Every structure is written in C-alpha cells, then in structure tokens.
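Quick note: numbers below take in every heavy atom, side chains included, and nothing from hydrogens, waters or symmetry partners. Bear in mind the structure is a predicted one, so any value in this text is a computation, not a measurement.
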Amino acid sequence: MKDTDLTKRKNDHLDIVLRNSAPAAGSFAHWRFTHCALPELHLDQIDLRTRLFSRTMQAPFLISSMTGGAARALTINHHLAEAAQTLGLALGVGSQRVALESDNNFGLTRDLRRIAPDIPLLANLGAAQIVGESGRRLALNAVNMIEADALIVHLNPLQEALQQGGDRDWRGVLEAISQLVKQLEVPVVIKEVGAGISPQVAQRLAEAGVSMIDIAGAGGTSWAAVEGERASNAQQRAVAMAFASWGIPTDEALRSVHAALPGMPLIASGGIRDGIDAAKALRLGAEIVGQAAAVLSSALHSAEAVTAHFQTLIEQLRVACFCTGSANLRQLRLAPLERVGEAP
C-alpha cells in the first residue's frame with residue numbers, strides 16, 4: 001500500500017474516532033465494590049504508585065496507542081508525552097508502520113524520550129508487519145526511533161479482514177512473535193485492539209515468551225464499526241457493521257485470562273470510562289489500565305488538557321481506594337467486588 005493511502009487511512013481513523021468518542025456503558029458497569037463507611041485512611045496518603053519495565057509510575061495508567069500516520073499525530077504525540085511525564089504515567093504510541101515506511105516521522109522520534117525521559121515508553125507495530133525477513137528490522141527500528149522500553153505488537157485480525165487493503169495472511173504470526181521475543185533486548189507486549197484476548201490465545205502467547213498482554217476487550221472503540229464508516233460501498237459496510245459488537249467484553253477477557261495465567265502481567269483497556277472502571281479492572285486482575293479514544297480530543301488541544309483529563313481519572317481512582325478501605329493498589333486488589341445485574 002502507498003504511503004499516501006496509509007496516511008489517508010490513519011486520518012480517516014482519527015476523524016471517525018473523534019466523532020464517536022462519547023463513552024458508552026462498558027462491561028464494568030455490572031460490577032460493584034462494597035462501600036467501606038469507615039476507611040481509617042487519609043485520602044491524600046493513598047499510594048497509587050506502581051512499576052512497569054523498571055520505571056516507577058505515579059498511577060497505574062497507560063495512555064494507550066491511538067495515533068499512527070496522520071500528520072496531526074506529531075502534535076498529539078507531543079501533548080501525550082508531556083502529560084505522561086508530568087503525571088508519571090506510561091505512554092504507548094500508535095502504529096509506527098507509516099513512520100518507518102515513509103519520509104515522515106509524525107513526531108515518532110527520540111524527541112518523545114526527550115520530552116518524557118522518566119516514563120515507560122512503548123513502541124508499536126502491527127502483527128502482520130513482524131512476519132518475514134523484514135520483521136526484526138522493523139521492530140528494532142520502531143524501538144530505537146523513540147528509545148522505547150518495550151515493543152507492543154498489536155493484534156487486529158478483525159479490522160484487517162474488514163478494511164480495504166488489509167493484511168489478510170496471518171499465517172506465521174505466532175512464530176514471528178516467538179522469534180521477536182528472543183531477538184529483541186526489550187520486552188514484547190501483545191495488545192488486541194478492541195475484540196479481546198481469550199485464555200487459549202493468552203496461553204499460546206505466554207508459551208511464546210511475551211512479557212505482558214493488553215487484553216483490550218470489546219466495550220471501547222469498535223474498529224469494525226470504524227471500518228464500516230470508511231466502507232466505499234453498501235456491501236462492504238454491511239459486512240463490517242455485522243461485526244460492530246463482535247468480541248470478548250473487557251471484564252470477561254480480563255477475568256478469564258487472569259484466572260488462566262495468574263502470573264502474566266495484564267493491561268486492561270477497552271471501554272475504561274473513568275477511575276472507578278479502572279479500580280474495577282485492577283481488582284479483576286490488571287496491573288495497568290489503558291485509555292485511548294476518551295482522551296483523543298484533549299490530545300489535539302494541549303498537553304494541559306490531557307493532564308487535566310488524567311488527573312480526573314487519578315482522583316477518581318484515589319477516591320475508589322478510599323471508599324474501599326484500600327491504602328494502596330495491593331489492598332485494592334483484595335477489596336470486595338461483586339457482579340450485579342446481568343448473570344455472570
């Protein structure tokens with residue numbers, strides 16, 4: 001695919017996500033903490049710190065991958081990096097494919113590390129790009145171009161199946177991941193993009209040696225619906241929109257993968273609306289919680305807007321800890337939580 005076609009596709013993606021960024025009721029709405037009316041804590045002393053890839057984070061939030069080849073990604077990436085550094089959060093950049101295959105870097109350079117020298121910074125490539133002889137080279141370049149602490153390899157078979165010019169041949173992806181784990185000097189993180197990861201797939205990834213999994217379940221951005229909006233004719237749109245609600249809900253994917261692989265560090269993303277959802281995700285097995293589309297409009301505006309957005313989430317998480325009697329994230333992971341409403 002030509003660079004101009006890839007760039008247009010990424011621009012289309014940003015426009016559609018921005019138009020549809022209002023949060024919906026996610027899968028965590030069916031979970032409820034038991035309120036603690038006597039916390040015996042000082043709210044301001046609750047410790048939300050955690051560690052990721054040998055770096056200390058001030059709160060367990062990952063600004064998730066959301067931008068790729070669009071020219072405005074330079075502004076977005078710089079604003080996200082500034083906010084992540086200010087708040088001590090992790091940052092995962094969008095797909096670096098276009099930046100690696102064209103003369104435009106779209107802000108995906110070592111300037112990001114200069115802006116955010118202290119945070120966990122994660123590079124990003126699609127699974128289809130790491131297959132074949134060029135895969136290792138692309139992965140190394142992706143890591144080096146931003147001085148990343150780890151590489152995200154994103155799995156998006158549904159999106160690729162539905163988009164025009166998508167990567168249809170997924171043979172050899174697992175073996176490519178396994179080889180990449182052995183060849184790279186940084187950890188490899190596997191991320192779905194909104195359809196979730198099952199325990200069976202997670203087990204195969206664990207056997208391949210990956211360091212972390214972002215289960216990225218259904219409940220956030222539907223890339224099937226995004227591709228449906230981009231469809232050039234009624235038939236393509238009908239095929240795509242049939243899969244608009246396809247996938248494993250985030251809470252279900254998180255619970256089942258954590259139960260099957262309790263030692264595998266997990267990131268929960270996909271429909272995280274606020275700090276209360278984040279608290280529930282941490283209680284259900286996540287080490288880190290990711291959010292992307294909900295902050296995109298703030299990222300276009302300024303670093304201060306991104307900072308304000310995540311300060312709200314952090315304060316919500318802190319209050320959730322307070323009202324469950326949890327002095328830190330370790331205690332939050334033991335707080336009483338029950339499923340209400342729909343049957344499990």
What's in the same ILVMFWY side-chain cluster as L158, cut-off under 4.5 Å, chained through other members?
-> L162, V239, F243, W246

Joining Ile, Leu, Val, Met, Phe, Trp and Tyr whenever any side-chain heavy atoms lie under 4.5 Å apart, the cluster holding L62 also takes in L52, F53, M57, L122, I152, V189, M212, I267, I288

Is it the case that the side chains of [Y] and [X] hold a donor-acceptor pair, with the cut-off being a distance below 3.5 Å and no angle test?
{"X": "H309", "Y": "Q291", "value": "yes"}
{"X": "H154", "Y": "N124", "value": "yes"}
{"X": "N156", "Y": "W223", "value": "no"}

With sequence neighbours left out, write down each residue that passes ring pair (Phe, Tyr, Trp, His ring centres under 6.0 Å) with W170, or none if nothing qualifies.
-> none

Would you say [X]'s side chain and [Y]'s backbone share a donor-acceptor pair under 3.5 angstrom?
{"X": "R110", "Y": "N144", "answer": "yes"}
{"X": "R230", "Y": "Q164", "answer": "no"}
{"X": "S222", "Y": "A244", "answer": "yes"}
{"X": "Q331", "Y": "A327", "answer": "yes"}
{"X": "T109", "Y": "D111", "answer": "yes"}
{"X": "D149", "Y": "L121", "answer": "yes"}
{"X": "T250", "Y": "G217", "answer": "yes"}
{"X": "S178", "Y": "L174", "answer": "no"}
{"X": "H79", "Y": "A299", "answer": "yes"}

Around atom [atom1] of [X], are there more than 12 heavy atoms from other residues, nucleotides or ligands closer than 6.0 Å?
{"X": "E338", "atom1": "CD", "answer": "yes"}
{"X": "R113", "atom1": "CZ", "answer": "yes"}
{"X": "R204", "atom1": "CZ", "answer": "no"}
{"X": "R55", "atom1": "CZ", "answer": "yes"}

Residue pair R283, D251: steps toward the salt bridge (charged side-chain N to carboxylate O under 4.0 Å, His left out) verdict | CA-CA 11 Å; R283 172 61 180 84; D251 68 320; over 6 Å; no

For residues 310-317, dump all side-chain donor-acceptor pairs below 3.5 Å to protein atoms at least two apart in sequence or in another chain.
from	atom 1	to	atom 2	distance (Å)
T312	OG1	A308	O	3.1
Q316	OE1	G275	N	2.7

Closest contact, heavy atoms only, [X] versus [Y]:
{"X": "Q236", "Y": "N233", "value": "N-OD1, 2.8 Å"}
{"X": "K280", "Y": "A29", "value": "NZ-CA, 4.5 Å"}
{"X": "A303", "Y": "A83", "value": "O-CB, 3.8 Å"}
{"X": "L91", "Y": "A84", "value": "CB-CB, 4.3 Å"}

Counterpart residues, side-chain hydrogen bond (donor to acceptor under 3.5 Å, both in side chains), relative to R237 (two or more places apart) = none

Do N328 and I46 touch side chain to side chain, with heavy atoms closer than 4.5 Å?
-> no

Atom CZ in R136, atom NZ in K182: separation rounded to 0.5 Å?
-> 13.5 Å

Taking only residues at least two apart or on different chains, which pairs with a member in residues 189-203 satisfy salt bridge (Lys or Arg N to Asp or Glu O under 4.0 Å)?
-> K191-D214

